[in-house]
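Worksheet for the structure shown next.
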Amino acid sequence: MTDKKATLTVDGLDESIELPVYSGTLGPDVIDVTALTGKGYFTYDPGFMSTASCDSAITYIDGGKGILLHRGYAIDDLAEKSNYLETCYLLLHGELPSKAEYDEFVEIITTHSMVNESISRFIKGFNYDAHPMAMMCGVVGALSAFYHDSLDINNPRHRIISAHRLIAKIPTIAAMCYKHSKGEPFMYPQNNMSYSENFLHMMFGTPCSAPDVNPVLARAMDKIFLLHADHEQNASTSTVRLAGSSGANPFACIAAGIATLWGPAHGGANEAVLNMLEHIGDVSNIDKFVAKAKDKDDPFRLMGFGHRVYKNFDPRAKVMKETCDEVLTELGITDDPLLNIAKRLEEIALSDEYFIEKKLYPNVDFYSGIIMKAIGIPTDMFTVIFATGRTVGWIAHWHEMITQGYRIGRPRQLYTGEVKRDLTPIDSRKSHETSF
Ligand code: SDX
């Protein structure tokens with residue numbers, strides 16, 4: 001327990017309220033406010049700017065210093081020395097695997113990468129022009145209809161089977177959504193390929209030609225998945241935890257995370273970055289758009305800039321920028337117009353007083369889209385790629401919550417509506433202006 005405490009005095013209360021203060025291994029202490037309800041108060045924190053929703057040992061972020069640790073390992077170390085599946089094992093189990101553990105994990109994921117053949121018919125039921133994220137939400141949410149033999153969330157064996165199935169099958173489903181939108185045949189995963197090589201094969205391979213994946217692009221894809229793997233209690237991970245706290249099955253919880261990630265303020269930002277760069281069109285237009293981003297009366301924001309937690313460089317953006325240069329060099333793209341706009345935009349924003357004062361730096365989404373575009377991935381698939389990489393993080397948090405013991409998440413509110421009133425008969429009611 002703790003010997004630290006916070007003492008709260010409230011106007012109108014005779015006695016002050018003592019609240020326990022807890023310390024973690026890193027980061028700010030937290031004040032336990034659960035006693036406030038018994039004193040007739042709620043805390044008030046819209047957007048959860050100052051709220052720790054749980055204990056977690058998975059990922060630590062120091063936004064001021066631009067530090068991101070997964071189970072204590074720095075993201076740039078993992079990006080340089082590890083790979084996506086090894087990082088998945090680390091996030092799920094808390095330690096890097098031994099060689100034998102790694103080989104067994106890769107074998108399990110590889111041999112579970114096919115999906116039930118009925119899912120092919122499920123995806124073919126969508127219009128060809130359905131947004132891939134709409135298909136992902138639908139298909140992942142429906143996976144419990146296909147894999148209902150391991151849905152007891154209190155059974156550790158069921159939890160790990162569902163975790164393996166989701167990590168193994170999400171890239172296959174993602175590639176199938178893309179192929180459906182292209183009107184091309186689905187490609188089956190190849191067991192002799194690595195995770196990211198397999199994904200690019202399922203995306204761009206065809207039955208008419210032998211598999212041919214560029215190893216530099218496969219390594220870049222692996223880094224993109226790794227850099228997106230987890231990020232503490234972000235909006236989509238918090239959604240997965242909240243859905244999981246009701247006892248919902250893991251596939252439904254992950255589908256809720258996918259739906260949340262889709263928003264342009266969150267994982268949809270990578271798609272929005274590319275659309276923004278294409279809308280800017282030329283470096284000569286940058287100043288006009290930077291001015292729009294600074295104008296309080298203009299809803300335009302520089303997509304790919306700013307972060308709730310990072311008030312310094314997002315460490316993932318630095319690695320993403322290096323990967324971007326590697327991919328463009330490998331592909332012989334030396335003068336990419338969108339990359340030129342992105343680099344000039346970054347220079348201008350980082351020297352502009354508004355962005356400096358508000359601590360707005362490029363985030364993980366700023367360069368990822370340029371890499372994916374160079375690889376040949378269409379813009380509407382960018383958030384699908386993000387969801388594919390983030391699935392392991394969502395599962396790790398879902399699993400941590402269940403094994404820690406949990407209660408259903410049920411926030412309260414500051415009520416600002418009408419006090420009790422009686423119904424007026426309809427013939428006596430006046431019309432009102434309504435807005436929605
Ligand atoms: C991700 O949480 C995570 O960890 C998410 C993520 C993950 O891995 O899960 O890291 C992934 O979602 C990255 C963020 C991707 N989103 C974008 O790039 C969209 C553009 N960025 C913003 O919309 C914004 O910066 C957020 C949503 C990311 C953060 O919003 P906050 O913390 O609520 O900050 P805010 O909106 O209150 O902004 C603070 C100030 C405001 O000005 P004032 O009202 O104080 O005068 O900064 C301004 C904002 O107007 N501002 C921007 C801006 N972002 C914030 N101004 C111009 N351009 C921007 N991009």
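Note that these values count all heavy atoms, side chains included, but never hydrogens, waters or copies made by symmetry. Start at 1 and go down the list; that is how both ligands and their atoms are numbered.
Residue Tyr354 touches ligand 1 through its side chain alone, judged by heavy-atom distances below 4.0 Å. Heavy atoms of Pro264 found under 4.0 angstrom from ligand 1 belong exclusively to the backbone.
Proximity of a side-chain donor or acceptor of Glu101 to a complementary backbone N or O of Lys99 within less than 3.5 Å is not detected. Without hydrogens or angle criteria, Asn363 side chain to Gly304 main chain gives a donor-acceptor distance under 3.5 Å.
For atom 25 (O) of ligand 1, the nearest non-hydrogen atom from the set Pro299, Ala293, Gly306 belongs to Gly306. Between atom 8 (O) of ligand 1 and the options Arg316, Lys358, Arg308, Met49, the minimum heavy-atom separation is to Arg316. Closest heavy-atom approach to atom 6 (C) of ligand 1 among the candidates His307, Arg390, Met276: His307.
Atom 52 (C) of ligand 1 is approached by the protein to below 4.0 angstrom, counting heavy atoms only. For atom 42 (O) of ligand 1, a protein non-hydrogen atom is found at a distance below 4.0 Å. Put simply, atom 34 (O) of ligand 1 has no protein non-hydrogen atoms near it, under 4.0 Å away.
A donor-acceptor contact closer than 3.5 angstrom links the side chains of Glu86 and Ser82. Of the N and O atoms on the side chains of Arg241 and His397, at least one donor lies less than 3.5 Å from an acceptor on the other residue. Counted by atom type alone, Ser56 and Glu232 present zero donor-acceptor pairs between their side chains at under 3.5 Å.
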Inset, instruction - Determine, stepwise, if the pair Glu346 / Lys321 fulfils salt bridge (charged side-chain N to carboxylate O under 4.0 Å, His left out). - result: CA-CA 11 Å; Glu346 184 184 22; Lys321 186 173 178 181; 3.0 Å; yes
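Ligand 1 has no atom lying under 4.0 Å from any heavy atom of Phe366. Taking a 4.0 Å cut-off on heavy atoms, Asn363 registers as neighbouring ligand 1. Remark: distances from the non-hydrogen atoms of Ala235 to ligand 1 are all 4.0 Å or more. Using a 4.0 Å heavy-atom cutoff, Gln233 is absent from the residues neighbouring ligand 1.
Between Leu360 and ligand 1, a contact under 3.5 Å exists for no N or O pair. In terms of polar-atom proximity, defined here as any N/O pair under 3.5 Å, Val364 makes no such contact with ligand 1. For Gly304, a nitrogen or oxygen atom sits less than 3.5 Å from a nitrogen or oxygen atom of ligand 1, counting backbone and side chain alike. Looking at Lys311 next to ligand 1, no N or O pair under 3.5 Å apart turns up.
Nearest protein heavy-atom neighbour of atom 30 (O) of ligand 1: Arg301 NH1, 4.4 Å. Atom 17 (C) of ligand 1 has as its closest protein heavy atom Ala269 CB, 3.5 Å. Residue, atom and distance of the protein heavy atom nearest to atom 15 (C) of ligand 1 are Asp365 OD2, 3.2 Å. For atom 4 (O) of ligand 1, the nearest non-hydrogen atom of the protein is His231 ND1, 2.6 Å. For atom 46 (O) of ligand 1, the closest heavy atom belonging to the protein is Lys296 NZ, 2.8 Å. Distance from atom 16 (N) of ligand 1 to its nearest protein heavy atom, with residue and atom name: Ala265 O, 3.0 Å. The protein heavy-atom contact nearest to atom 21 (N) of ligand 1 is Phe305 O, 2.9 Å. Given atom 19 (C) of ligand 1, the protein heavy atom at minimum distance is Met303 CE, 3.4 Å.
Summarising the geometry of Tyr354 relative to Ala293, their closest heavy-atom pair is OH-O, 3.8 Å, with the distance given to 0.1 Å. Of all heavy-atom pairs spanning Thr383 and Gly267, the tightest one is OG1-O, 3.2 Å.
Here Lys292 does not pair with Asp295 in a salt bridge; the nearest charged N to carboxylate O distance is not below 4.0 Å. Contact check on Asp152 versus Arg157 returns no salt bridge, with no Lys/Arg side-chain nitrogen under 4.0 Å from an Asp/Glu carboxylate oxygen. Ion pairing between a basic and an acidic side chain is recognised when a charged N comes within 4.0 Å of a carboxylate O; Asp325 and Lys343 show such pairing. Salt-bridge annotation for Asp29 and Lys4: present, with a side-chain N of the basic residue lying under 4.0 Å from a carboxylate O of the acidic one.
Atom OH of Tyr41 sits about 9.5 Å away from atom CG of Leu36, to the nearest 0.5 Å.
Other residues, nucleotides and ligands place no more than 12 heavy atoms under 6.0 Å from the NZ atom of Lys318.
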